[in-house]
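Step one of this worksheet: look at the structure below.
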Amino acid sequence: MALRFYNTLTQELEEFQPQDGKTVRMYTCGPTVYSYVHIGNFRTFSFQDILRRTLKARGFTLDHVMNITDVEDKIIRNAMAAGQTIQEYTAQYTQAFKDDSATLRLQAPERLAFATEHIPEMVNAIERLAAGHHTYANEGSTYFRISTFPEYGKLSHTNFSGNIAGARVEVDEYDKADARDFVLWKAQKPGEPAWQTSLGEGRPGWHIECSVMAMKYLGETIDIHTGGVDLVFPHHENEIAQSEAITGKRFVRYWLHAEHLMVEGQKMSKSLGNFYTLRDIIEKGYSPESIRYLLVSAHYRKQLNFTFDGLKGAAASLERLRNFELRLKNDRLAEGVNPEMEARTAAASAAFNKGLDDDLNTSDALAAIYEYVRDANTALDAGQFLAGNTAGAHALLAEFDAIFDVLKPTIQSGALTDAEIDAQVAERNKAKKAKDFKRADAIRNELLERGVVLEDTKDGVRWKRK
RNA sequence: GGCGCGGUAGCCAAGUGGUAAGGCAGAGGUCUGCAAAACCUUUAUUCACCGGUUCGACUCCGGUCCGCGCCUCCA
């Protein structure tokens, strides 16, 4: 089956093919770096990572740009309160975002694009919009006039035709002609950082950065654009209006949106205060891999309720896969190849990929892996799984882990090295042989305290990191 | 009110017009010097509710109830 994605624009599953058949030009909405990113945000970023990896696995080359919004109201407010420049203030959270992303094994996009490094391009874009009569100025700010873009609402499938200017929505502190108009350039307010430009002294509105940076690096029509569902309106709708008003061309071919991570039945958000950062959860003793597993185990277009019980379940599920991998390495198997098992492996691989191809149905893909693991374990117990079958099994796990990337444990700093652990295991084996079980148990307990679990199997001792 | 999504076992979660994947937890068993481990087996006569279409619906259609999101900054 061909790779298919649900396109928010058409509300249909569509077969995916990049414009040039080879390179996927993808833009993903990244964080606003005014504080630590929470794991609700990371659900979306994790989804983007699964998307990236799946595209790569299908042989496409990626050109992926993610923006970092490093100038915005909350940043300015917090930086001023901290007595820092916005550059100083955002640098720490940008770094934290990069660190956290690495912890969650999110592949870095080909390019991170910072809003503050694209001010001239944004000004230029706004001037082009002005030349096309899509803007108006008021008290030093510049606005996009939505009435000049008849297709406005096509992404969020909202009809604004009956809307009377200012009648339904309170106009905010900036004066707009129509409540749906949005600001492109904000006039400087006292004390705020600003850029001196042909539009006057001020700073860019939020939406324009994505249009400008996406088109600068990826071209006027890009293949994929993603973000959380809360960005569909107004952010992405506005991006379309700006971009298409400038170029007259379709801005994005496939729009993909990730559903929210929920907590106790409500959206995880900073304003509700019901959020956890990655650091919060890791401090409670959960591994990055189990968090990653939890975030990507449900389909991205379904709301996912975050609970610690769920996280424990994710960790346990993951253990099952790791144990199988360990078993492949440790069990002593008879020589030969069981062709039935080889066929089973191929079927599992096909089912796994079929799941991913179906709009990144990770639940379905995972099920294929678990069914295989159960069958393979049964075959191992029955002696039907032969030495020649391990290569295929490892290849399947590698195929799985190229997307999910959860099998290898994160090794904490200060942890024992493999060699140190092996030495202790050998020591314990000696004690066991001498029937010195007290000593053997003591070593096992010491290792356990240092995060290493020993398991005795009929084919010898195996160990794993907790 | 408008737009969108969803209601499947104790919990999480796929799926299909032809009789319910998978994971966690629970129960039983196997292995083991012991074992907290590991592995196997098992767990929904039923898919929110009510009508309709059909040989047959959880899956299609209509309606009802409930939950969530967006409509303002937001992943």
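Proteins come first, then strands; the chains are lettered A, B, ... in the order of their sequence lines, and each starts at number 1. Below, all heavy atoms of this structure are taken into account, side chains as well, without hydrogens, waters or symmetry copies.
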Quote, to the nearest angstrom, the P distance that separates G7(B) from C61(B). 15 Å
Choose from A14(B), G69(B), C71(B) the nucleotide whose nearest atom is closest to any side-chain atom of Arg180(A). C71(B)
For Lys432(A) and for Lys312(A), locate the closest nucleotide of RNA chain B by heavy-atom distance; then report the residue assigned to the nucleotide nearer the 5' terminus. Lys312(A)
Determine: side-chain N/O of Arg327(A) to OP1/OP2 of C39(B), distance under 4.0 Å, yes or no. no
Assign Gly40(A) to base, sugar-phosphate, or nothing according to its heavy-atom contacts below 4.0 angstrom with the strands shown. base
Rounded to whole Å, CG of Leu231(A) lies from P of C71(B) at a distance of 10 Å
Whichever of Asp441(A) and Val373(A) has its nearest RNA chain B nucleotide further upstream toward 5': Asp441(A)
Considering only NZ, NE, NH1 and NH2 on the basic side and carboxylate oxygens on the acidic side, decide whether Glu427(A) and Arg439(A) come within less than 4.0 Å. yes
With the side chain defined as heavy atoms from C-beta on, Pro234(A) is closest, among A75(B), C73(B), C39(B), to C73(B)
Looking only at atom P, what distance separates G15(B) and C5(B), rounded to whole Å? 15 Å
Using Watson-Crick or G-U wobble geometry with both distances below 3.5 Å, tell me the partner of U46(B), or none. none
If you measure from the Lys or Arg side-chain nitrogens to the Asp or Glu carboxylate oxygens, is any gap between Arg52(A) and Glu110(A) under 4.0 Å? yes
Could you please name the partner base of G1(B), counting Watson-Crick and G-U wobble pairs only when both distances are under 3.5 Å? C71(B)
Could you please name the option among A38(B), C73(B), A21(B) that lies closest to any side-chain atom of Lys74(A)? C73(B)
Using a cut-off of 4.0 Å on non-hydrogen atoms, how would the nucleic acid contact of His235(A) be classed: base, sugar-phosphate, or nothing? nothing
Can you find a donor-acceptor N/O pair under 3.5 angstrom joining the side chain of Arg444(A) to the base of C34(B)? yes
With rounding to whole Å, what would you report as the distance between G10(B) and U43(B) at their C1' atoms? 11 Å
Among A25(B), A14(B), A75(B), find the nucleotide with the atom closest to the side chain of Lys302(A). A14(B)
In whole Å, what separates the P atom of A48(B) from that of A9(B)? 8 Å
Is there a donor and acceptor pair, one atom on the side chain of Arg428(A) and one on the base of G33(B), closer than 3.5 Å? yes
Rounding to an integer number of angstrom, what distance separates C24(B) and C39(B) when you compare their P atoms? 9 Å
Looking at CZ of Phe114(A) and OG1 of Thr69(A), how far apart are the two atoms once the value is rounded to the nearest 0.5 Å? 10.5 Å
Arg53(A)/Asp405(A) ion pair, N-O < 4.0 Å: yes
Write down the distance separating the P atoms in G2(B) and U8(B), rounded off to the nearest Å. 26 Å
Scan Ala316(A) against the nucleic acid and name what it touches under 4.0 Å (heavy atoms): base, sugar-phosphate only, or nothing. sugar-phosphate
So, is Asn323(A) close to the A37(B) phosphate, meaning a side-chain N or O under 4.0 Å from OP1 or OP2? no
Could you state the CG-C1' distance from Leu304(A) to C5(B), rounded to the nearest angstrom? 14 Å
Write down the partner of G6(B) under the Watson-Crick or G-U wobble criteria, each distance required to be under 3.5 Å. C66(B)
Whole-Å distance, Tyr300(A) OH to A13(B) C1', equals 17 Å
Looking only at the side chain of Asp456(A) (C-beta and beyond, no hydrogens), which of the listed nucleotides G33(B), A13(B), G22(B) gets closest? G33(B)
Could you give the CG-to-C1' distance, from Asp364(A) to U8(B), as a whole number of Å? 15 Å
Taking atom P in both G29(B) and A35(B), what distance in whole Å separates the two? 14 Å
Report the distance from atom CG of Leu272(A) to atom C1' of A75(B), rounded to the nearest whole Å. 14 Å
Within the structure shown, what part of the strands sits under 4.0 Å from Asp459(A) by heavy-atom distance: base, sugar-phosphate, or nothing? nothing
Over how many whole Å does the gap from Glu455(A) atom CD to U32(B) atom C1' extend? 12 Å
C39(B) C1' sits how many Å from Arg322(A) CZ, rounded? 19 Å
Given the C1' atoms of C31(B) and U41(B), what is the spacing between them in whole Å? 15 Å
Candidates G23(B), A25(B), C70(B) - which lies nearest the side chain of Lys267(A): C70(B)
Quick one: label Met268(A) by what it contacts on the DNA or RNA (base, sugar-phosphate, nothing), any heavy atom closer than 4.0 Å. base
Is it the case that Arg344(A) places NZ or CZ above or below the six-membered ring of Tyr372(A), under 6.0 angstrom from the centre and within 45 degrees of the axis? no
So Leu261(A), base contact, sugar-phosphate only, or nothing? Heavy-atom distance under 4.0 Å. base
With a 3.5 Å limit on both atom pairs, tell me what U59(B) is paired to, counting Watson-Crick and G-U wobble, or say none. none
Which nucleotide, in any strand shown, forms a Watson-Crick or G-U wobble pair with U53(B), with both distances under 3.5 Å? none
Does NZ or CZ of Lys284(A) fall inside the cone over Phe308(A)'s six-membered ring, less than 6.0 Å from its centre and within 45° of the axis? yes
Could you verify whether a donor N or O on one side chain and an acceptor N or O on the other, from Gln107(A) and Asp49(A), lie under 3.5 Å apart? no
Cation-pi, Tyr286(A) ring and Lys312(A) (6.0 angstrom, 45 degrees): no
Flag as yes if Phe437(A) stacks onto the base of G33(B) (centroids under 5.5 Å, planes under 30°), otherwise no. yes
Among Tyr136(A), Phe233(A), Phe144(A), exactly one meets ring pair (Phe, Tyr, Trp, His ring centres under 6.0 Å) together with Phe182(A). Which residue is that? Phe144(A)
Could you tell me whether Ser269(A) contacts a base, only the sugar-phosphate backbone, or nothing, with contacts defined as non-hydrogen atoms closer than 4.0 Å? nothing
Any side-chain N or O of Lys270(A) below 4.0 angstrom from OP1/OP2 of C73(B)? no
Out of A75(B), C68(B), C24(B), whichever nucleotide has its closest atom nearest the side chain of Met262(A): C68(B)
Candidate nucleotides C40(B), A14(B), C70(B), ranked by approach to the side chain of Asn361(A) - the nearest: A14(B)
Determine the contact category for Gln11(A): base if any of its heavy atoms lies under 4.0 Å from a base atom, sugar-phosphate if only primed atoms, P, OP1 or OP2 are that close, otherwise nothing. sugar-phosphate
Look at the side chain of Thr44(A) and the base of A75(B), then say whether one donor and one acceptor between them are separated by less than 3.5 Å. yes
Among A75(B), A21(B), A38(B), the one nearest any side-chain atom of Lys464(A) is A38(B)
Consider the side chain of Glu371(A), meaning its heavy atoms from C-beta on, and name the nucleotide among A75(B), A21(B), G69(B) that approaches it most closely. A21(B)
Across all strands shown, which nucleotide pairs with U30(B) by Watson-Crick or G-U wobble geometry, both distances under 3.5 Å? A38(B)
Just name whichever nucleotide pairs with A14(B), Watson-Crick or G-U, keeping both distances under 3.5 Å, else none. none
Can a side chain N or O of Arg320(A) be found less than 4.0 Å away from OP1 or OP2 on C40(B)? yes
Provide, to the nearest angstrom, the distance between the NE2 atom belonging to His157(A) and the C1' atom belonging to C71(B). 15 Å
Test: Asp73(A) and Arg203(A) ion pair at under 4.0 Å: yes
